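Data block below; observations after.
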Amino acid sequence: MEQFPPPPSTPQLRIETGVAVNRQFLIVSCSKLEERFDGFARLCLFTPDKPMQWRYFDLPLTISAAALQSAGGSDGSAQAFVFAAEDGDIVRLPVGKPPVMERIAGAGLWDDDSEGWGYMNAVRQIGARLYACGDGGQVYCRENDGEGDSEGEGEWVHVDHGLLQPSEGEHNLMLNAIAGPGEDSIYLAGWDSDRNAGLLFHRGADGAWTPVPVETAKLTGLCVEGPDAVWACGHGGALLHGSHAGGFTDVSALDDTRNYSDVAIYGDKVYLATAEGLFLREGDAVEPVDTGLVPAHADGHVLQAVDGVLWSIGYRDIVRFDGTSWERIVFPGNPPIA
């Protein structure tokens, strides 16, 4: 594993996604700024208690999503970082152990076994298992002989009956986010490209996916606040709150046209991420967050609330909030934020 600072010839990077295990341990996945889709990912590990705070290694993949896996479920102590590539390759990094490479057979567009449904867009642990979703209605669950074993190689199986579109032809069902309070209650958020409309689905204990009626633009993010309280965000200022049982209420601000990429609950407040910066829902209004940082944090598209800290990860900028003050994490893969 290489350490920062990298050599001068290293390309400028674009942070595509990231995942934090706590307030002191973060991994981000970067692409080349000028060549985003050429099958290159630089995984950068931030550990401020080490002599060299940043380390990295490169992979010949285009990473699209990341998640944290706990061996014993969402409250387990043994953990792994999980990165999903667009074409269905899965990189799992068990903490303190060698990487594990897996494959979602049939996913993606360009691998030898790709069926043509499209790219993978999201991965997340729900209950004790990992789930992933993508274009064409793809949804997968990671099965493993040793349930929750962070070292074993898992088998990814379809759990998308009623959603998966024929592999041949055009696909209009794009699934962008997956989350749920447990495996008996899972939500999907996405986009119907034919109607240019948002999509929301729920899967109960019977395993059947049911559409949840919504009237929004494209949906891109999900956050579970509680068993009966889920947030969904998306384009055109879309913000929904509710559950499949009680229905979802559109709580979007009337004059909001921003495109939200992620939503998180921190300190009982709703934070929303955009490529232009971070926003906070106060009452019925959505206002920009003043971090007090100089320059301002105007670049955040991934949110992580863990270990009493809110991480906001942008394409170049990384900041964290401990409930009192904001701190910028200097990322040596690029020139300083200015």
Side-chain angles (χ1 to χ4, degrees), residues 14-19 27-31 36-43 59-69 80-93 99-126 129-144 153-180 186-193 199-201 203 209 218-222 234 261-262 301-302 313:
R14 171 188 166 108
I15 302 173
E16 299 290 350
T17 187
V19 59
I27 301 183
V28 295
S29 177
C30 307
S31 64
R36 283 190 65 200
F37 306 109
D38 68 345
F40 169 88
R42 174 159 292 172
L43 297 188
L59 293 170
L61 301 171
T62 300
I63 299 294
S64 57
L68 184 66
Q69 181 185 21
F81 295 93
V82 181
F83 291 87
E86 287 183 341
D87 264 331
D89 295 295
I90 302 293
V91 182
R92 295 174 55 253
L93 306 175
V100 178
M101 298 293 296
E102 298 177 358
R103 169 89 191 137
I104 300 179
L109 290 175
W110 305 110
D111 203 88
D112 291 343
D113 67 4
S114 295
E115 295 285 350
W117 290 298
Y119 291 136
M120 301 306 300
N121 299 323
V123 62
R124 184 169 293 192
Q125 179 168 331
I126 302 173
R129 295 188 290 182
L130 291 169
Y131 286 79
C133 66
D135 296 341
Q138 297 173 90
V139 190
Y140 303 91
C141 175
R142 182 181 183 269
E143 302 282 1
N144 193 289
E153 182 175 348
E155 178 186 6
W156 292 83
V157 299
H158 284 278
V159 288
D160 44 26
H161 180 71
L163 293 179
L164 188 65
Q165 298 185 292
S167 58
E168 301 295 331
E170 298 294 325
H171 302 119
N172 67 297
L173 201 166
M174 313 302 181
L175 301 175
N176 300 317
I178 186 167
I186 300 176
Y187 292 86
L188 290 165
W191 180 49
D192 181 338
S193 60
L199 295 171
L200 197 60
F201 295 95
R203 180 179 185 251
W209 292 103
K218 178 179 181 179
L219 293 177
T220 54
L222 287 169
S261 58
D262 207 356
H301 67 110
V302 175
I313 304 167

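Computed from a predicted structure; not experimentally measured. One-based numbering along the sequence shown.
- Using a 4.5 Å heavy-atom threshold, the side chains of I186 and I178 count as touching.
- Between L222 and R124, the shortest heavy-atom distance links the atoms O-NH1, 3.5 Å.
- Contact between L93 and P99 at its shortest, heavy atoms only, is CD2-CB, 3.6 Å.
- With contacts defined as side-chain heavy-atom distances shorter than 4.5 Å, the pair Y140/R142 does not qualify.
- Heavy atoms of other residues, nucleotides or ligands lying less than 6.0 angstrom from CD of E155 number 12 at most.
- Listed for the H301 side chain is no donor-acceptor partner under 3.5 Å among the backbone atoms of T17.
- The side chain to side chain contact (heavy atoms under 4.5 Å, CB included) with L188 is formed by just one residue from the set L200, D160, L163; it is L163.
- Of the inter-residue distances, the one linking W209 atom CH2 with R203 atom CZ reads 6.0 Å to the nearest 0.5 angstrom.
- Residue M120 holds its CE atom at 6.5 Å from SG of C133, rounded to the nearest 0.5 Å.
- Q138 CD to M174 CE: the interatomic distance, rounded to the nearest 0.5 Å, is 10.5 Å.
- Between the CG atom of L199 and the CG atom of L175 there is a distance of 7.5 Å, given to the nearest 0.5 Å.
- Panel note: side chain D89, backbone M101; no donor-acceptor pair is recorded below 3.5 Å.
- The distance from the CD1 atom of I90 to the CZ atom of F83 is 11.0 Å, given to the nearest 0.5 Å.
- Paired with R103 under the rule salt bridge (charged side-chain N to carboxylate O under 4.0 Å, His left out), one option of D87, D111, D112 passes, and it is D111.
- Taking both residues in full, the closest heavy atoms of V19 and I313 are given as N-CD1, 4.5 Å, listed atom of the first, atom of the second, then distance.
- Nearest heavy-atom pair across A122 and A177 is CB-CA, 3.9 Å.
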- request: Check the pair Q69, V82 against side chain to side chain contact (heavy atoms under 4.5 Å, CB included), reporting the backbone distance first and the verdict last.
  value: CA-CA 7 Å; Q69 181 185 21; V82 181; 3.9 Å; yes

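- N121 and A65 get closest at one heavy-atom pair: O-CB, 3.6 Å.
- Side-chain atoms of E143 do not come within 3.5 Å of backbone N or O of V157 as any donor-acceptor pair.
- Of all the heavy atoms in S29 and A41, the pair that sits closest is OG-CB, 4.0 Å.
- The distance from the OG1 atom of T62 to the CG atom of D38 is 6.5 Å, given to the nearest 0.5 Å.
- Aromatic ring orientation, H158 versus W117: perpendicular (interplanar angle above 60°, classes split at 30° and 60°).
- For the pair E16 (side chain) and S31 (backbone), a donor-acceptor distance under 3.5 Å is absent.
- Side-chain N or O atoms of D113 include none that pairs as donor or acceptor with a backbone N or O of A105 at under 3.5 Å.
- Considering only heavy atoms from C-beta on, W156 comes within 4.5 Å of L130 through its side chain.
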